[in-house]
> 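Please find one structure pasted underneath; my questions will follow.
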Amino acid sequence: MPGDGKSLQLGADMMHLVRVIEGQIADAMKNAAGRAREAGDLQFAKVPDFVVEVPREKAHGDFAVNLAMLLARQARQNPRQVAETLVRHLDTTGTWIARAEVAGPGFINFTLDHRWLYQVPAIVEGQGKTYGHSEVGRGQKVQVEFVSANPTGLLHMGNARGAALGDSIASLLSAAGFDVSREFYINDAGNQIVNFGKSLEARYLQLMGRNVPFPEDGYHGQDIVETVQNIINLVGDRYLDWEPEPRQAALIKYALKEKLDGIRTVLEHFGVRYDVWFSEQSLHDSGEVAATIAELQEAGHIYERDGALWFKATAFGEEKDEVVVRQNGVPTYFAADIAYHRNKFQRGFRWIINVWGADHHGHVSRMKGAMAALGYDPKSLDVVLMQLVRLFQGGELLRMSKRTGQYITLNELIEEVGVDAARYFFVMRSADSHLDFDLDLAKSQSADNPVYYVQYAHARIASILRQAAEMGHQLPAASECDLTVLTDPSELDLLRKIADFPLVVEGAALALEPHRLTRYAQELATLFHVFYTNCRVLVPEEELRGPRLVLAGVTRITLANLLGLIGVQAPDRM
RNA sequence: GCGCCUGUAGCUCAGUUGGAUAGAGCAACGGACUUCUAAUCCGUGGGUCAGGGGUUCGAAUCCCUUCAGGCGCACCA
């Protein structure tokens with residue numbers, strides 16, 4: 001499951017205003033506990049780890065602390081009593097804490113001086129396009145490998161989900177201060193390529209008028225026929241009388257290039273660009289697969305049985321061992337994948353993230369076992385497993401099969417739904433949940449689609465700023481305004497939400513959960529729309545108009561940065 | 001049979017390290033446009049968090065168990 005980067009060393013990051021506030025509260029509580037003990041009012045050995053959290057209920061203040069409940073047992077007092085004692089010893093000088101009160105079973109609720117929020121716009125303005133970024137990653141090298149679809153066909157819905165998820169995860173990690181590399185692993189070796197060659201050959205001969213059977217488990221897709229037609233347009237009958245082996249090799253070479261170019265192009269249309277395209281075949285050619293197996297062998301993790309070489313996966317908690325070299329001497333996909341991941345570690349990545357379909361989950365733990373066998377920390381490898389996409393049309397489940405060529409491609413999805421809606425839709429759900437993609441709904445482009453709601457907030461702001469400019473009112477800097485006139489609850493709520501953004505990004509990045517972004521996006525857009533309804537921005541009074549323009553401006557920056565992380569446009573007009 | 005994921009409002013889903021009266025969108029119903037874009041806002045109704053047991057100040061969350069669905073358990077990838 002999505003990891004938490006625990007194997008990495010994370011630096012304390014004080015760029016986040018909200019975290020500073022939380023730190024103030026935590027420190028004040030620790031000090032209060034210390035003073036209470038000195039005064040003999042409380043007995044305890046050590047201050048337990050407590051949380052500073054935002055209560056669900058607004059009436060419970062801005063932040064709440066559960067320390068009293070955790071201390072109750074040690075102190076042999078009831079939690080509320082402990083809480084009263086802590087509050088009595090609380091010193092809030094030098095903090096934004098305005099009030100602390102005991103509530104419920106022993107919570108201490110903190111209400112802040114709301115003026116802390118007026119610091120927010122200057123921070124957003126100052127950071128601009130990087131607002132929301134942080135340094136937790138401390139420049140450590142991270143690799144995100146995603147899609148890695150077989151180059152024997154077109155991209156389907158599952159690949160599309162992987163593309164949207166992987167790209168957003170990479171963007172998030174980059175924003176969190178990691179040095180991120182996006183990588184596509186090209187499965188250009190193994191049985192499927194052999195199969196691919198046979199399919200190409202059969203189509204070639206058929207198109208040239210020969211009556212030959214098509215391999216039953218071949219690739220039936222129409223796109224293969226088109227690829228072969230393209231080849232014929234180039235070379236004509238040149239391969240007609242070749243031996244099967246060189247003929248297939250020649251066809252594969254051409255078709256692979258065409259297929260990969262197609263994949264690259266459609267992914268670029270989808271807004272995804274890779275840093276590295278890594279060939280599986282290159283691992284065989286360079287001898288890395290053999291070297292990896294030799295390394296495992298030397299370490300005593302390999303044995304021979306029935307003429308094949310086996311990896312002792314059971315020594316790493318697996319239920320059964322795995323073949324790495326077949327009886328016929330050909331290494332398995334698993335062997336190549338071990339070599340691939342070894343290669344990743346050798347390239348210096350501190351954190352390796354793979355986005356895989358749930359149908360590969362059996363592969364995860366043995367892969368980690370193999371990494372452990374090679375002496376790498378398996379915790380540095382995180383696999384985001386995404387559940388498969390089910391496609392619905394007309395209320396019915398569409399069965400998809402790449403083998404039979406019956407599936408909706410990413411090309412078609414982009415044409416019908418558009419990049420923004422598709423990417424938002426895929427990222428909206430956690431990778432863990434099955435995704436039911438209703439084509440009719442997505443096609444309808446109705447207001448049901450939440451991406452429009454968020455984009456509309458951005459367009460509205462752009463419109464306001466445009467009209468302000470036409471009236472001769474440039475967007476002022478936060479420092480030029482007295483922001484304390486922003487006192488409407490909708491204004492304060494909006495500022496509060498904007499202040500949260502950096503922590504949302506950081507949390508989503510470390511948890512590898514981009515769906516937190518769309519949730520936040522929905523909330524931020526709602527608060528803007530409420531503000532828009534309740535507070536007119538373009539009022540005659542400059543001392544009110546200026547601050548509201550500032551607020552609109554920083555909302556716009558936050559929305560744009562947010563949508564950028566998902567790969568969705570932030571339009572100025574809709 | 002074993003393993004992984006899922007089960008939360010009519011539907012699609014959030015719910016962070018265990019916190020207070022479980023949320024959002026859509027759908028339904030009722031309101032708000034001589035005012036910066038109504039692709040918006042406000043309000044109402046809607047729950048046995050699949051069932052059962054346990055852990056504790058406190059459980060949708062952790063543990064056990066039953067049920068239901070998905071996926072995996074190849075000398076395929």
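Residue numbers start from 1 in every chain, and the chains themselves are labelled A, B, ... in the order their sequence lines are given, proteins ahead of strands. Only this structure's heavy atoms are used, side chains among them; waters, hydrogens and symmetry mates stay out.
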> Parallel, tilted or perpendicular: which fits the ring planes of A:Phe311 and A:His301, with parallel below 30° and perpendicular above 60°?
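Correct class here is perpendicular.
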> Let me know, please, whether A:Asn187 or A:His515 comes out on the 5' side of the other along RNA chain B by nearest nucleotide.
A:His515
> Would you say A:Phe107 stacks on B:rA20, if stacking means ring centres under 5.5 Å apart and planes within less than 30 degrees?
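Yes, the aromatic ring of A:Phe107 stacks with the base.
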> Categorize A:Tyr532 for me: base, sugar-phosphate, or nothing, with a 4.0 angstrom heavy-atom threshold over every strand shown.
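Base contact.
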> Closest approach to the side chain of A:Asp359, judged atom by atom: which nucleotide of B:rC41, B:rA20, B:rG72 is it?
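Selected nucleotide: B:rG72.
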> Given the structure, check if the side chain of A:Asn195 and the base of B:rA77 hold any donor-acceptor pair shorter than 3.5 Å.
no
> Suppose we define a pair by two distances each less than 3.5 Å, Watson-Crick or G-U wobble; what does B:rC73 pair with here?
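Partner of B:rC73: B:rG1.
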> By the 4.0 Å heavy-atom rule, please label A:Gln192 as base, sugar-phosphate, or nothing.
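Sugar-phosphate, backbone atoms only, no base.
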> So which nucleotide from B:rA14, B:rU16, B:rC36 ends up closest to the side chain of A:Leu538?
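Nearest listed nucleotide: B:rC36.
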> Side chain of A:Arg56 only, heavy atoms from C-beta on: which candidate in B:rA24, B:rG70, B:rA20 is closest?
B:rA20
> Does B:rC67 have a Watson-Crick or wobble partner in any strand here, with both distances under 3.5 angstrom, and which is it?
B:rG7
> Please determine, for B:rC49, whether a Watson-Crick or G-U wobble partner exists with both distances under 3.5 Å, and give it or none.
none
> Now, which nucleotide makes the Watson-Crick or G-U wobble pair with B:rC57, with each of the two distances under 3.5 Å?
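Pairing partner, where one exists within any strand: B:rG19.
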> Applying the Watson-Crick and G-U wobble criteria at under 3.5 Å, what pairs with B:rG43? Answer none if nothing qualifies.
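B:rC29 - that is the nucleotide pairing with B:rG43, both distances being under 3.5 Å.
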> Would you call the rings of A:Tyr303 and A:Trp310 parallel, tilted or perpendicular if under 30° counts as parallel and over 60° as perpendicular?
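It falls in the parallel class, under 30°.
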> Where each residue is assigned the nucleotide of RNA chain B containing its nearest heavy atom, which of A:Glu322 and A:Glu53 is assigned the position nearer the 5′ end?
A:Glu53
> Counting side-chain heavy atoms from CB outward, which of B:rU40, B:rU21, B:rA14 is closest to A:Ser430?
B:rA14
> Measure up the A:Tyr340 and A:Tyr185 rings against each other and bin them: parallel (under 30°), tilted (30 to 60°), perpendicular (over 60°).
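The rings of A:Tyr340 and A:Tyr185 lie parallel, inter-plane angle below 30°.
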> Is there a donor and acceptor pair, one atom on the side chain of A:His360 and one on the base of B:rG72, closer than 3.5 Å?
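Answer is no: no donor-acceptor pair is held.
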> Using a 4.0 Å heavy-atom cut-off across all strands, classify A:Ala308 as base, sugar-phosphate, or nothing.
base
> Within a strict 4.5 Å, meaning less than it, do heavy atoms of the A:Arg496 and A:Val18 side chains meet?
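When only atoms from C-beta onward are counted, A:Val18 and A:Arg496 do touch, with a gap below 4.5 Å.
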> Base, sugar-phosphate or nothing for A:Asp306? Non-hydrogen atoms, less than 4.0 Å.
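Base contact - A:Asp306 has a heavy atom under 4.0 Å of at least one base atom.
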> Please pick, from B:rC41, B:rC73, B:rC13, the nucleotide with the shortest atom-to-atom distance to any side-chain atom of A:Ser433.
B:rC13
> Over 60° means perpendicular and under 30° means parallel, so classify the ring planes of A:His341 and A:Trp356, tilted if in between.
perpendicular
> Is there a side-chain polar atom (N or O) of A:Arg460 under 4.0 Å from OP1 or OP2 of B:rA38?
yes
> Once you apply a heavy-atom cut-off of 4.0 Å, does A:Asn191 come out as touching a base, just sugar-phosphate, or nothing?
sugar-phosphate
> Syn or anti: how is B:rC42 classified when any glycosidic angle within 90° of 0 counts as syn?
anti
> From the list B:rU40, B:rC5, B:rC36, which nucleotide is the closest neighbour of the side chain of A:Tyr453?
B:rU40
> Which of the following nucleotides, B:rC13, B:rA20, B:rC4, is nearest to the side chain of A:Ala103?
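From the listed options, B:rA20 comes nearest.
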> Hey, does A:Glu319 reach any base, or is it just sugar-phosphate, or nothing, if we go heavy atoms under 4.0 Å?
sugar-phosphate
> Nearest to the side chain of A:Thr533, which nucleotide is it out of B:rG19, B:rC41, B:rC13?
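Of the options given, the side chain of A:Thr533 lies nearest B:rC41.
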> Quick one: A:Asn534 CG to B:rC36 P, roughly how many Å, whole number?
15 Å
> State which of B:rC75, B:rG23, B:rG19 makes the closest approach to the side chain of A:Glu57.
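Nucleotide nearest to A:Glu57's side chain: B:rG23.
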> Classify the side chain of A:His529 versus the base of B:rC41 as yes if they form a donor-acceptor pair under 3.5 Å and no if they do not.
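Not at all, since no donor on one side and acceptor on the other fall under 3.5 Å apart.
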> Taking the six-membered ring of A:Phe334, is the NZ or CZ of A:Arg366 close enough (under 6.0 Å from the centre) and on axis enough (within 45°)?
yes
> Answer with base, sugar-phosphate or nothing: what part of the nucleic acid does A:Arg548 contact at a heavy-atom distance below 4.0 Å?
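Answer is nothing: A:Arg548 stays at 4.0 Å or more from every strand.
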> What does A:Ala552 touch in the nucleic acid at a heavy-atom separation under 4.0 angstrom: a base, only the sugar-phosphate, or nothing?
nothing
> What's the spacing between A:His529 NE2 and A:Arg460 CZ if we round to 0.5 Å?
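Those atoms lie 6.0 Å apart.
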> Taking the side chain of A:Val51 as its heavy atoms from C-beta onward, which of B:rA77, B:rU17, B:rG19 lies nearest to it?
B:rU17
> Determine the interatomic distance between C1' on B:rG47 and the same-named atom on B:rU8; round to the nearest Å.
8 Å
> Which part of the nucleic acid does A:Ala468 contact within heavy-atom distance under 4.0 Å: base, sugar-phosphate only, or nothing?
nothing
> Is A:Arg429 positioned over the aromatic face of A:Phe425, cation under 6.0 angstrom from the ring centre and no more than 45 degrees off axis?
yes
> What nucleic acid atoms does A:Val537 come within less than 4.0 Å of, heavy atoms only: base, sugar-phosphate, or nothing?
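Result for A:Val537 = base.
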> Given atom CG of A:Asn78 and atom C1' of B:rU56, what is their separation to the nearest angstrom?
16 Å
> Just name whichever nucleotide pairs with B:rU35, Watson-Crick or G-U, keeping both distances under 3.5 Å, else none.
none
> Reckon A:Arg516 touches a base, only the sugar-phosphate, or nothing at all at heavy-atom distances under 4.0 Å?
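Base contact.
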> A:Asp188 near the nucleic acid: base, sugar-phosphate alone, or nothing, with a heavy-atom cut-off under 4.0 Å?
nothing
